[in-house]
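The structure presented is a predicted model; accordingly, all values stated were derived computationally and were not measured. Start at 1 and go down the list; that is how both ligands and their atoms are numbered.
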Amino acid sequence: MSSEKKYTPPNEMPPAPIHRVLAGQKALVTGASKGLGEGIAIGFGQAGADVLVNYHGDEEGARRTAAAIEAHGGKAVIFKADVSQEDEVKAMFQYMIDTFGRLDICVSNSGIQLNAPLDEMTLYQWQRVIDVNLTGMFLCAREAIRLFKKQGIDRRISYAAGKLIFMSSVHDIIPWEGHANYAAAKGGIMLLMKSLAQEVAHLRIRVNAISPGAIRTPMNVEKLTSPEIFDSVLLRLIPCKRIGESEDVARATVWLASDESDYVHGTTIYIDGGMTLYPGFIGAG
Ligand code: NAD
């Protein structure tokens, strides 16, 4: 096997078609100009949803995502908002209602990394990661829940009054030295998600999280293409021995947003090739 091939392992299985399980639903995905958000927004379009594509800086990326959704027959609009800013988040949800008239699915996906050992971490690095990765989730969740409560259940569209999905990370349970701000935000998302799920389940509002492992996106493409890190670290940490692709996350997110997962409340789905299985114990018995 050439080393080139080794760093870009193909998906062994041809992708199965995504069924139109979200037909007629209206979705909002934050950070959908690239990476996981882009894959999820396009997956929603394939599944029959109309989508608001949020972006922060990359308008061209957002337009590309929207065009891909429209190629699947869905309607897509783009909206620039910094998820850490209350007024911008409120304006985005207002635009959602003005455009689509309702909100069925909200995926709070935007996230950043500003890494440093803790004794070198600036207050800015700490605060900005908490603001985008945790407070941004709170602000979007609050607006989504307000809308879900107001609109209630319409059985012609979904059995739920609304579905809220937080994009977390395996680092909501795996500690990560040099990334304490990121891990603290992701750990915070876990109990934000569970507390909120407990609060609103009786209203048939479903709140869940997705925790990816190492997925090939612009956030980590350098790391995943460096031979040293790929061989010595990542594959040692991934029992199934392949890096994830954004489609791996998109497919699970479509399912979690659909009525096929109607009885799933307050759960985190780990999409990590087994990274959370303590692979250091393999062969250590
Ligand atoms: P990415 O860098 O490719 O994309 C991040 C997205 O967030 C971009 O669209 C960016 O514009 C948006 N964003 C950044 N700051 C924002 C802000 N202030 N307001 C609105 N949007 C903003 O990263 P990704 O790998 O696609 O990550 C997406 C999510 O998945 C993040 O929450 C990340 O923590 C999580 N995640 C990724 C991986 C992985 O391996 N890629 C693993 C675990 C968790």
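Residue Ala81 has at least one heavy-atom neighbour below 4.0 Å for each of these atoms of ligand 1: 19 (N), 20 (C). Using a 4.0 Å cut-off to heavy atoms of Arg128, the atoms of ligand 1 that qualify are 18 (N). Heavy-atom proximity to Gly35, at under 4.0 Å, picks out these atoms of ligand 1: 3 (O), 26 (O). Atoms of ligand 1 found under 4.0 Å from any heavy atom of Pro212 (numbered from 1 in listed order, with element): 42 (C), 43 (C), 44 (C). Those atoms of ligand 1 with a heavy atom of Asn54 less than 4.0 angstrom away are 20 (C), 21 (N). Shown in contact with Pro218 at under 4.0 Å from a heavy atom are these atoms of ligand 1, numbered in order with element: 3 (O).
In Asp58, neither the side chain nor the backbone holds a heavy atom less than 4.0 Å from any atom of ligand 1. Contacts with ligand 1 closer than 4.0 Å are made by no heavy atom of Ser211, backbone or side chain. Contacts between Asn220 and ligand 1, counted as non-hydrogen atom pairs separated by less than 4.0 Å, involve the side chain only. By the criterion of a heavy-atom distance under 4.0 Å, neither the backbone nor the side chain of Glu38 is placed next to ligand 1. Residue-level proximity to ligand 1 for Val83 is carried by backbone and side chain together, each with a heavy atom below 4.0 angstrom.
Polar contact check, Ile215 against ligand 1: a nitrogen or oxygen pair lies under 3.5 Å apart. Between Asp82 and ligand 1, an N or O atom pair is found at a separation short of 3.5 Å. Between Thr217 and ligand 1, a contact under 3.5 Å exists for at least one N or O pair.
For Gln113, the closest heavy-atom approach to ligand 1 does not fall below 4.0 Å. Heavy-atom distances between Gly213 and ligand 1 reach below 4.0 Å in at least one pair. Remark: distances from the non-hydrogen atoms of Gly136 to ligand 1 are all 4.0 Å or more. Not a single heavy atom of Met137 sits under 4.0 Å from any atom of ligand 1. Note on ligand 1: Thr30 sits outside its first shell, no heavy atom being nearer than 4.0 Å. Judged by the shortest distance from any of its heavy atoms, Ser33 lies inside the 4.0 Å radius around the atoms of ligand 1.
Given atom 33 (C) of ligand 1, the protein heavy atom at minimum distance is Tyr182 OH, 3.5 Å. Of all protein heavy atoms, the one lying nearest to atom 12 (C) of ligand 1 is Gly31 CA, 3.7 Å. For atom 14 (C) of ligand 1, the closest non-hydrogen atom of the protein is Ile112 CG2, 3.6 Å. Protein heavy atom nearest atom 29 (C) of ligand 1, with residue, atom name and distance: Asn109 O, 3.1 Å. In terms of protein heavy-atom proximity, atom 37 (C) of ligand 1 is closest to Leu36 CD1, 3.7 Å. In terms of protein heavy-atom proximity, atom 5 (C) of ligand 1 is closest to Gly111 O, 3.7 Å. The single protein non-hydrogen atom nearest to atom 21 (N) of ligand 1 is Ser110 OG, 2.9 Å, given as residue, atom name and distance. Nearest protein heavy-atom contact of atom 27 (O) of ligand 1 is Met219 CE, 4.0 Å.
Ranked by closest heavy atom to atom 35 (C) of ligand 1, the top entry among Cys140, Ala214, Ser169, Ser168 is Ser168.
Of the charged side-chain nitrogens involved, at least one lies within less than 4.0 Å of a carboxylate oxygen, so that Arg63 and Glu59 count as a salt-bridged pair. Using a cutoff of 4.0 Å between basic side-chain nitrogens and carboxylate oxygens, Arg146 and Glu143 are scored as salt-bridged.
Ile112 CD1 to Gln125 CD: the interatomic distance, rounded to the nearest 0.5 Å, is 10.0 Å.
Side chain of Gln151 to backbone of Leu103: a donor-acceptor contact under 3.5 angstrom is found. Put simply, the side chain of Thr65 gets close to the backbone of Ala32: a donor and an acceptor are under 3.5 Å apart.
Screening Glu199, His265, Lys149 for a side chain to side chain contact (heavy atoms under 4.5 Å, CB included) with Ile205, the sole residue that qualifies is Lys149.
Atom CD of Glu70 sits in a crowded spot, with more than 12 heavy atoms from other residues, nucleotides or ligands closer than 6.0 Å. Atom CZ of Arg142 has more than 12 neighbouring heavy atoms from other residues, nucleotides or ligands inside a 6.0 Å radius.
Residues Lys163 and Ser158 bring a donor and an acceptor atom of their side chains to less than 3.5 Å of each other.
The hydrophobic clustering, which links ILVMFWY residues whose side-chain heavy atoms are closer than 4.5 Å, places Leu52 and Ile157 apart.
At least one side-chain heavy atom of Ile210 sits under 4.5 Å from a side-chain heavy atom of Met167.
Ring geometry for Trp176 against His171 counts as parallel: the plane angle stays under 30°, on a 0 to 90° scale with 60° as the upper cut.
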Between Asp104 and Lys26, is the salt bridge (charged side-chain N to carboxylate O under 4.0 Å, His left out) condition met? List the steps.
CA-CA 5 Å; Asp104 301 294; Lys26 314 294 177 194; over 6 Å; no

